[in-house]
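So the structure is just underneath, and the comments pick up after that.
Sequential numbering from 1 along the given sequence is applied to the chain's residues.
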Amino acid sequence: MTTKIINSIVIIALVTIFLGGCIPVLNNTKNENKSVPNSFVGSKDTLNIAKVKWKQYFDDPNLIALIDTALKNNQELNIMTQEIEMSKNEIRARKGEYLPFVGLQAAAGAEKLGKYTWRGGVEDNLVLKNNPEVIESKSDYLIGANASWEIDVWKKLRNAKKVAVYKYLSSIEGKNFMITNLIAEIANSYYELMALDNMLELLQNNMRIQSDALRVVKEEKNAAKVSQLAVNRFEAQLLHTQNLQFEVKQQIIETENRINFLTARFQAPIKRNSVIFFDLATDSIQSGVPSQLLANRPDIKQAELALSAAKLDLKVARANFYPSIKITAGVGFNAFDPSLLINPKSLIYNLAGDLVAPLVNRNAIKANYYISNAKQVQAVYNYEKTILNAHLDVLNQLSRMNNYEQSYNTKAKEVDILNQSVGISNSLFQSARADYMEVLLTQREALESKIELIEIKVKQMNAKVQIYRALGGGWK
């Protein structure tokens, strides 16, 4: 018996060595590069706003309430949650593959053999003690248990289970990344809505100013100081401004509905305090160092886990070249009479071992091996691309923060000067020291500069939101 076992082990070893030498050589391989610059803008301060909770970063209670609602109700987020649940069950399925399979079996049957058949003729000559009638009608009863177990010598099944684990963890990071983007999208839409409210108020105030100017011009026309042309120009400008407000009203409705969609509501008022829009702070940003992105950005962690899964998938594909060893066993009772079923003499059992090795036509295994390697290389590129994208994303947002702050300060000075110019031009026009075209031009420039100031402010707030997202904040 010992000699047989030793011979079997030797055979397995020889087959394994032979098959191992037949594994194709991979020429297209690549290892990931995790290196990043030492700093974003020269500062190596490790303080990072990504560690700040989103409820602290966004201190507007109305915005916090919207984000809370979205995190509970958003359909895309709930869909992702179910995908995570599926990945979790995939782990359970993979784990069961390298554990023994055990099943219970019960069977009953009857068979009438023809006398002039080979089996019928043989059994017709048998003499069964105390049961001569069994020859005419043969019954069979079986109860027992069977088991099968593939011995995971090459860790193929265990690695497949680890792949499922990595994919599960990757799906969790995918959800975290979705949470980060969802928070950013709601915050951006919320600030855009506040900006539109201020723009609508600006247009309405400007319409009142233009209406007063039109009234004055009509009086001047009645006094024969100006022509009908001046009246028409002032009236056309008023109508143009009135037309702009309808576009802004439509944008307000669409922005409100976008927020309602993100919060999974059909229709609900969006509470906001747009009066404080210009007072919203854009504090200095602590961006930390680039290496912190590897731990803070969920998309980078997701790509890293996907890469780990791809590496193990390659090991699983490689293990397919080696022989698989499977053990099957069974035990139970089998008899032609139910009363004799539970009887020591009715005991049956079996034990077998199978060694299956791919020798001929291994094209499918080779193809799967090459595909797994290509996916692993692809995962490396995707991981490096995600790191590069995250780094450049932060640089872009830091630049936006700086440039829009300076742009806002410059535009605010322009607005102040043009506001003064409107009053001056009106006074000069009434005293006949300025042409009405100067008044119209000054009013138009003042309105455009105020609209641009609102647009720059909302870009400032957008940059504040996006730098928080880019650094990996929001999901914790």
Start with the C-alpha distance between K175 and E83, add both sets of side-chain angles, then the distance that settles salt bridge (Lys or Arg N to Asp or Glu O under 4.0 Å), and finish with yes or no.
-> CA-CA 10 Å; K175 180 182 178 181; E83 290 181 1; over 6 Å; no

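- Taking the side-chain contact (heavy atoms from CB on, under 4.5 Å) definition, one finds that N73 meets it with T69, A264, sequence neighbours left out.
- In the model, Q82 has no side-chain atom that pairs as donor or acceptor with a side-chain atom of N78 under 3.5 Å.
- For Y57, the ring-ring contact (aromatic ring centres under 6.0 Å, His included) partners are Y468, not counting sequence neighbours.
- In this view, K375 and I371 satisfy the side-chain contact (heavy atoms from CB on, under 4.5 Å) rule, not counting sequence neighbours.
- Legend: salt bridge (Lys or Arg N to Asp or Glu O under 4.0 Å) pairs involving residues 409-427, not counting sequence neighbours, sorted by first then second residue: K411-E414, K411-E452.
- Under the rule for a side-chain contact (heavy atoms from CB on, under 4.5 Å), the partners of A187 that lie at least two apart in sequence or sit in another chain are F58, L63, Y191, V465.
- S211 is linked by a side-chain hydrogen bond (donor to acceptor under 3.5 Å, both in side chains) to nothing, counting only residues two or more places apart in sequence or in another chain.
- Counting only N and O atoms by type, the side chains of N62 and R272 include no donor and acceptor under 3.5 Å apart.
- Not counting sequence neighbours, the partners of M207 by the side-chain contact (heavy atoms from CB on, under 4.5 Å) test are Q204, L238, T241, Q242, Q245.
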Could you list the donor-acceptor pairs under 3.5 angstrom formed between side-chain atoms of residues 378-386 and any protein atom two or more places apart in sequence or on another chain?
from: E384; atom 1: OE2; to: N33; atom 2: N; distance (Å): 2.9
from: T386; atom 1: OG1; to: N382; atom 2: O; distance (Å): 2.7

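- Contacts classified as salt bridge (Lys or Arg N to Asp or Glu O under 4.0 Å) and involving residues 388-405 (residues at least two apart or in different chains) are given here: R297-D393, D393-R469.
- There is no side-chain donor-acceptor pair under 3.5 Å between K457 and N198.
- Screening residues 389-415 for ring-ring contact (aromatic ring centres under 6.0 Å, His included), with sequence neighbours left out, gives F40-H391.
- Applying the salt bridge (charged side-chain N to carboxylate O under 4.0 Å, His left out) rule to E185 yields no partners; only residues at least two apart in sequence or on another chain are considered.
- Residue pairs meeting the salt bridge (Lys or Arg N to Asp or Glu O under 4.0 Å) criterion with at least one partner in residues 54-74, sequence neighbours excluded, are K55-D68.
- At a cut-off of 3.5 Å, with distance as the only test, a side-chain donor of Y369 or R318 sits close to an acceptor on the other residue.
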